[in-house]
Amino acid sequence: MDTKEFKITIERILKTNYGKSIDKAKDYEKYNALSKAVMGTIIDNWDKTAEVYAKGKQAYYLSAEFLMGRALGNNLMNLGIYDEVKKVLEELKININDIEEIEEDVGLGNGGLGRLAACFMDSSAATNIPLTGYGIRYSHGLFKQSFKEGFQIEQADNWLKYGDPWSIRCEDDAVIVEFGDEKVKAIPYDTPIIGYGTNNINKLRLFKAEPLQDFDFELFNSQEYTEAVKEKNKAEDISRVLYPNDSTVEGKMLRLKQQYFFVSAALKDLVRSFKKQHGNSFELFKDYHAIQLNDTHPVVAIPELMRILIDEEKLSYDKAWEITVATFSYTNHTILREALEEWDIELYKKIIPSVYKIVKEIDKRFIRILGQKKYSYEKINSMKIIYKGRIRMAWLAIHGTHATNGVAELHTDILKNQELKDWYELYPDRFLNKTNGITPRRWLAFCNKELSAFITELLGSDNWITDLSALKGLEKYIDDKVVLNKFLEIKQLKKEQLAVYINKNEKIEIDPNSLFDIQIKRLHEYKRQLLNAFGILDLYFRLKENPQIDIVPRTFIFGAKAAPGYLRAKGIIKFVNEIANLINNDAEINNKIKVVFVQNYRVSYGEKLFPAADISEQISTAGKEASGTGNMKFMLNGTPTIGTYDGANVEIVQEAGEENNFIFGARVEEIEKIKDTYSPKEYYETVTGLKRVVDTLIDGTFDDGDTGMFEELYNSLLEGASWHSPDNYFIFRDFADYRDAQNKVDKAYKDRLNWAKKCLMNIANAGKFSSDRTILEYAKEIWKVEAKQA
Ligand SMILES: *Cc1c(COP(=O)(O)O)cnc(C)c1O
């Protein structure tokens with residue numbers, strides 16, 4: 001890098017964009033100028049990558065969510081210029097940390113599903129796999145969260161307030177998306193995905209919705225301002241805001257419009273460039289495209305491609321179907337009932353009538369096939385795509401693609417043997433597992449530079465950053481006291497850094513010498529933040545009874561957003577905040593335990609939390625968490641898991657050793673066995689301490705501001721509700737087991753060197769959980785695309 005020229009570029013951008021010299025510029029202006037300067041340096045490689053990729057088959061990742069987080073620091077690192085730029089900035093009297101911290105997270109996703117898409121983008125670039133992401137450029141990402149008197153407050157996420165230096169608006173590539181009674185423009189915004197250790201730069205293409213014509217001038221001239229603006233607003237509504245639901249579907253018209261909008265735009269984009277290269281030789285389409293559908297949100301792509309091929313390109317139905325099935329593949333992310341997407345046919349008929357016709361035809365032909373196989377009437381009913389006036393998107397996805405994958409071994413097994421058993425029997429070759437992963441760049445090299453440097457020193461190379469299995473080499477230090485102590489020292493440093501950050505953001509002092517026990521993930525009943533809360537309360541009451549109990553001082557840290565309409569989840573947030581209030585202000589407890597619920601948990605907050613954790617809470621009801629990826633981020637940063645046998649936890653302990661983690665609770669088989677006869681009341685009355693903590697929901701210990709939230713939670717556990725049986729996530733069943741496991745954590749933590757060994761064993765065996773491994777599996781086994789170096 002020519003640092004002198006780089007400096008001049010930054011100064012020039014500041015002057016042309018803001019009319020300011022560097023000493024007068026605001027931090028965000030410096031951030032924008034720096035980012036734009038970096039963009040200038042990568043454009044040639046970006047073009048070259050596209051050129052090289054265009055010669056062969058490419059893969060496309062269609063996802064309604066991309067939870068990208070911040071770009072600047074990570075991009076500088078991936079380009080290998082972080083230290084150089086840091087120095088340049090120092091010469092300009094700018095602290096790089098201030099500039100990094102000013103960046104808004106790109107929060108265009110809810111949680112794990114959107115973050116997985118982001119990790120896949122990073123990994124595809126790093127491994128030179130030709131993968132392009134397609135999605136929606138929401139004007140507002142996931143809401144910003146704060147607490148007021150312990151209640152969650154939501155605020156709009158206006159992430160574009162100061163502009164977005166990392167995207168380029170591609171007006172020339174705009175396409176028109178047609179709904180039944182409306183046409184809108186889809187404008188692509190392209191963001192570079194900079195590969196680590198390669199010149200390749202992949203692309204994330206997000207569409208913004210705009211009206212065909214910006215303004216109705218006639219209306220405007222006759223002073224009918226509102227009418228003129230209305231059409232513009234209606235079109236822009238489509239990409240205005242991300243739905244804040246995680247693992248729950250919302251059958252809203254606007255949501256359907258969003259899905260069709262980005263899917264149709266993506267396919268039109270692909271068909272247009274295909275025709276430019278290959279004319280009308282559509283039999284080649286599948287040889288150039290592999291399209292992955294991230295959950296059912298983009299599954300309307302199946303009938304949409306059929307519609308394009310049949311209605312617009314005049315192919316026969318059979319030819320179109322063959323191309324469609326060969327092109328698409330589908331990832332299932334959940335088996336939660338409330339998350340299985342279905343659409344009312346009336347909505348489809350109204351919004352996308354020509355697509356609906358195709359879905360009906362697909363279903364008709366599918367029923368015929370099942371009839372020929374002599375399937376029973378009941379079985380056909382349970383498998384047909386349209387049933388009782390609703391389109392079952394997961395069924396359409398399995399039938400209309402050549403591959404369906406689960407996201408962890410346990411999850412895929414449950415799909416094959418339980419939830420999708422009939423489908424597995426019909427299409428045994430279509431089902432496969434692709435265990436999720438995380439990018440080692442953001443989740444270790446970038447967010448934990450101190451640990452990364454130490455690992456590189458021990459291994460004598462930094463090649464673990466692109467080959468995470470190399471971490472296995474750390475096992476040889478397992479009895480090396482110097483190494484173990486140094487690891488503990490780094491963990492301590494990361495805890496101190498987090499304590500400073502939390503003090504600044506939450507105005508709470510925490511003790512870096514206490515054990516940091518962290519649960520960060522979306523707030524959901526199945527994730528059981530409530531079990532954690534009950535565990536803390538139980539410990540509190542035990543300490544009150546007997547202050548002599550010898551425990552390692554512990555700081556319980558939570559981070560989670562609740563969907564705004566998910567009242568029970570919001571009740572749990574308030575409950576934890578009440579617990580925090582009680583314990584943190586109880587002088588008798590003398591800071592032996594402390595509880596902090598951090599506000600606005602998001603990717604950039606995660607980058608500070610994961611490296612500082614002593615214990616990782618992964619305590620979902622067995623069978624409910626498809627994979628989890630937060631669990632992997634902790635593991636990679638040397639944090640043992642306290643968790644159930646669920647999702648990828650199973651594989652984590654398989655790799656790192658059960659003795660280096662803390663597994664507890666009912667397994668899937670037991671849950672299956674007891675679920676019909678489960679009586680939480682019996683546990684409530686017999687398990688020591690359980691009643692005491694559960695009753696705090698109703699006995700006046702805490703105040704829910706007369707919302708009735710706590711009583712509702714209490715009833716959900718003991719009475720159930722119209723839609724579920726009491727304690728349907730088996731918190732009472734696992735309460736005592738969880739307490740035992742926590743006691744084991746406490747005991748194990750006291751033996752510092754032995755604890756460090758557990759941490760090191762987790763790091764050394766985290767190789768499997770690199771999303772590089774995951775992406776290469778998709779490329780080889782599903783997409784059949786090959787790495788291409790630009
Ligand atoms: C990794 C991540 C998640 C997923 O966490 P799980 O514990 O797997 O549910 C959610 N949100 C953010 C911000 C993340 O970085």
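For ligands, and for the atoms within them, numbers begin at 1 and follow the listed sequence. Here, residue 1 is the first one in the sequence, and each next residue gets the next number.
- Scored by the side-chain contact (heavy atoms from CB on, under 4.5 Å) test, Leu160 finds Arg137, Asp164 as partners (sequence neighbours excluded).
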Full working for side chain to side chain donor-acceptor pair (under 3.5 Å) between Tyr31 and Glu103: CA-CA 7 Å; Tyr31 157 76; Glu103 182 176 358; 3.1 Å; yes

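- Every residue was checked against the ring pair (Phe, Tyr, Trp, His ring centres under 6.0 Å) condition with Tyr601, not counting sequence neighbours, and none meets it.
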Table of N or O contacts for ligand 1, cutoff 3.5 Å:
from     : atom 1 : to     : atom 2 : distance (Å)
ligand 1 : 7 (O)  : Lys521 : NZ     : 2.7
ligand 1 : 8 (O)  : Thr629 : N      : 2.8
ligand 1 : 8 (O)  : Gly630 : N      : 3.0
ligand 1 : 9 (O)  : Lys527 : NZ     : 2.8
ligand 1 : 15 (O) : Lys633 : NZ     : 2.7

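- Every residue two or more places apart in sequence or in another chain was checked for a side-chain contact (heavy atoms from CB on, under 4.5 Å) with Glu659, and none qualifies.
- Annotation: cation-pi geometry not satisfied between Lys744 and Phe662 (NZ/CZ under 6.0 angstrom from ring centroid, within 45° of ring axis).
- In this structure, Lys416 is not positioned above the aromatic face of Phe431 in the sense of NZ or CZ being under 6.0 Å from the six-membered ring centre and within 45° of the axis.
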